[in-house]
Amino acid sequence: MSPPNPSERAFTQTSDPRDGNVSTIVVHDYYGNDVPPHPGQGWTRFVCVSDTHSKTFPLPEGDVLIHAGDLCSWGSVKQLQVTMDWLVSLPHPKKIVIAGNHDLCLDETRVNARGFQYSSVTRNDVAKARSMMKNRAARAAGLHYLEHESMELKTGDKTWKVYGSPSAPRYMPGSFQYEDRAGAEGKGIPTFFKIYTHSGLNVGFEAIYKCVPRDTEILLTHTPPYGILDRASRGTHAGCQTLSTTLEELGQCRMHVFGHIHEAHGAIIHEGGGRVSVNAAMAGGYGQAVIVDLKHITNIM
């Protein structure tokens with residue numbers, strides 16, 4: 001699959017009745033070498049990527065860089081170091097990063113689970129990798145690593161409420177995975193894939209998304225929701241139905257960024273203009289980093 005020519009998908013914009021029906025979201029998904037200008041004061045430019053798999057890419061500048069997981073090719077500390085060196089070198093003043101199913105060295109429970117195909121990651125590797133995500137260099141570069149965590153991010157006169165989760169339904173061995181009730185039905189997946197541990201707690205897949213604060217404005221997950229930019233190469237939907245249900249409850253969410261399904265790269269502004277969904281996967285050459293400009297809205301109900 002080849003991405004559209006820049007002239008075919010230069011940008012999409014929409015209006016939002018919460019801000020007087022003026023344009024509040026502008027998406028630039030295929031722009032070639034002609035990076036559009038920043039819309040100016042009162043807007044935040046997000047540059048969204050995912051699934052870089054230890055490769056580096058030229059990226060446009062922006063206020064916030066978002067990486068929605070799969071930092072590594074196959075989960076080694078060495079591969080993670082390549083990506084982190086790249087991320088901290090980028091000029092974006094603020095960066096938000098989550099892990100994905102390929103980032104084995106970041107999953108504390110991965111070294112305890114039996115049945116994984118990948119056995120080279122040690123406890124020491126996990127300690128090194130997790131330290132790398134929050135060390136002095138990362139902090140100096142404005143990088144924030146989120147793992148089932150929320151944060152507030154200030155850009156100009158706006159403070160964004162952000163939440164990040166690395167979770168994804170289990171289709172093959174990997175990290176941060178769970179058994180989605182609908183997607184795993186009848187597949188005979190062993191019970192140890194049904195839950196995994198984070199922060200010392202056993203968490204089922206439904207509880208993972210119950211942790212998302214209902215006032216979240218920017219949501220990062222590695223998996224897509226079911227039916228939104230999640231169609232795999234065989235034509236099947238590979239997103240999570242539980243996440244789809246959660247999104248129905250996030251009335252203030254302006255942007256949802258994910259990846260995982262490389263061939264579904266793109267962006268959709270939903271009916272009503274209040275939210276944009278972005279599959280920012282970079283692997284496979286399906287598209288560029290997605291630029292999303294969000295207007296600062298102060299009168300959300």
* **Results of ring-ring contact (aromatic ring centres under 6.0 Å, His included) for W160 - residues two or more places apart only** => F46, H296
* Asked: Does the side chain to side chain contact (heavy atoms under 4.5 Å, CB included) test come out yes or no for H270 and H256, once each step is laid out?
  -> CA-CA 11 Å; H270 297 278; H256 179 203; over 6 Å; no
* **same_hphob_cluster(F57, V82) at 4.5 Å side-chain heavy-atom cutoff** => no
* Asked: What is the distance from atom OG1 of T52 to atom CG of D70, rounded to the nearest 0.5 Å?
  -> 8.0 Å
* Would a distance-only check, ignoring hydrogens and angles, find a side-chain to backbone donor-acceptor pair under 3.5 Å from K55 to A283? -> no
* Would a distance-only check, ignoring hydrogens and angles, find a side-chain to backbone donor-acceptor pair under 3.5 Å from S277 to V257? -> no
* Look at atom CZ of R214 and say whether more than 12 heavy atoms of other residues, nucleotides or ligands are closer to it than 6.0 Å. => yes
* Which one of D51, N101, T223 satisfies the side-chain hydrogen bond (donor to acceptor under 3.5 Å, both in side chains) criterion with H260? -> N101
* Asked: Does the ring center of H53 lie less than 6.0 Å from the ring center of H262?
  -> yes
* Once you round to the nearest 0.5 Å, how far does OG of S150 lie from CG of L219? -> 11.5 Å
* Asked: Can you find a pair of side-chain heavy atoms, one from T24 and one from R254, that are under 4.5 Å apart?
  -> yes
* Main-chain N/O of G266 paired with D29 side-chain donor or acceptor, under 3.5 Å -> no
* Using the rule that two of Ile, Leu, Val, Met, Phe, Trp, Tyr join whenever any of their side-chain heavy atoms come within less than 4.5 Å, decide whether W86 and L80 are in one cluster. => yes
* Asked: Is there a donor-acceptor pair closer than 3.5 Å between any side-chain N or O of D125 and the backbone N or O of V77?
  -> no
Identify each donor-acceptor pair in which a side-chain atom of residues 34-41 lies under 3.5 Å from a protein atom, sequence neighbours left out, and give them as a table.
from: H38; atom 1: ND1; to: G40; atom 2: N; distance (Å): 2.9
from: H38; atom 1: NE2; to: D63; atom 2: OD2; distance (Å): 2.7

* **Backbone of G227 reached by a side-chain donor or acceptor of D230 within 3.5 Å** => yes
* Side-chain heavy-atom pair R275, L247 within 4.5 angstrom cut-off -> yes
* Heavy-atom donor-acceptor pair, T159 side chain to E152 backbone, under 3.5 Å -> no
* ILVMFWY cluster, Y226 and V278 together (side-chain gap under 4.5 Å) -> no
* How many angstroms lie between CE in M132 and CG in L143, if you round to the nearest 0.5 Å? -> 11.5 Å
* To do: Compare every heavy atom of P60 with every heavy atom of A289, then report the nearest pair and how far apart it is.
  => CB-CD, 4.2 Å
* For C240 and P169, which heavy atoms make the closest approach, and how far apart are they? -> CB-CG, 3.8 Å
* Structure fact -> To the nearest 0.5 Å, atom CE of M282 lies from atom OG1 of T56 at 10.0 Å
* To do: Could you tell me which non-hydrogen atom of I208 sits nearest to which non-hydrogen atom of S165, and how far apart they are?
  => CG2-OG, 3.9 Å
* Would you say E61 has more than 12 foreign heavy atoms packed within less than 6.0 Å of its CD? -> no
* So do the side chains of D293 and H28 get within less than 4.5 Å of each other, counting heavy atoms only? -> yes
* Asked: So, R231 side chain and H237 main chain: donor-acceptor pair closer than 3.5 Å or not?
  -> no
* Please answer: with hydrophobic residues joined when any side-chain heavy atoms are less than 4.5 Å apart, are L243 and I261 in the same cluster? => no
* Asked: Hey, what else clusters with F258 if you join Ile, Leu, Val, Met, Phe, Trp, Tyr whenever side-chain heavy atoms sit under 4.5 Å?
  -> I228, L229, I268
* Asked: Side chains of L220 and L146: closer than 4.5 Å at any heavy-atom pair?
  -> no
* Asked: Any chance the rings of F176 and H148 have centres within less than 6.0 Å?
  -> no
* Could you pull out all residues at least two apart from Y145 that satisfy ring-ring contact (aromatic ring centres under 6.0 Å, His included)? => none
* Just do the side chain to side chain contact (heavy atoms under 4.5 Å, CB included) check on H265 and V290 with the steps written out, would you? => CA-CA 9 Å; H265 174 100; V290 179; 3.8 Å; yes
* Heavy-atom side-chain proximity of R170 to Y178 below 4.5 angstrom -> no
* **K134 backbone acceptor or donor facing R139 side chain under 3.5 Å** => yes
* List the steps, then state whether side chain to side chain contact (heavy atoms under 4.5 Å, CB included) holds for M255 with T44. => CA-CA 12 Å; M255 180 171 67; T44 297; over 6 Å; no
* By ring-ring contact (aromatic ring centres under 6.0 Å, His included), which residues pair with H92, not counting sequence neighbours? -> none
* Indicate yes or no: at least one non-hydrogen side-chain atom of I218 is less than 4.5 angstrom from one of L294. => yes
* Asked: Under the ring-ring contact (aromatic ring centres under 6.0 Å, His included) test, which residues partner H144, sequence neighbours left out?
  -> none
* To do: Starting at NE2 of H222, measure out to CD of Q177 and round the result to the nearest 0.5 Å.
  => 8.5 Å
* Asked: Do T216 and K161 have side chains that get closer than 4.5 Å, going by heavy atoms?
  -> no
* Structure fact -> In short, A129 meets C105 closest at the heavy-atom pair CB-O, 3.3 Å
* **Taking every non-hydrogen atom, the tightest pair across K154 and G156** => NZ-O, 3.2 Å
* Straight-line distance of H67 NE2 to I96 CD1, nearest 0.5 Å -> 13.0 Å
* Heavy-atom pair with the smallest gap, counting every atom of A267 and V276 -> CB-CG2, 4.5 Å
* Within a strict 4.5 Å, meaning less than it, do heavy atoms of the E147 and R130 side chains meet? -> yes
* Asked: Can any side-chain N or O of Q79 pair as donor or acceptor with the backbone N or O of S54 at less than 3.5 Å?
  -> no
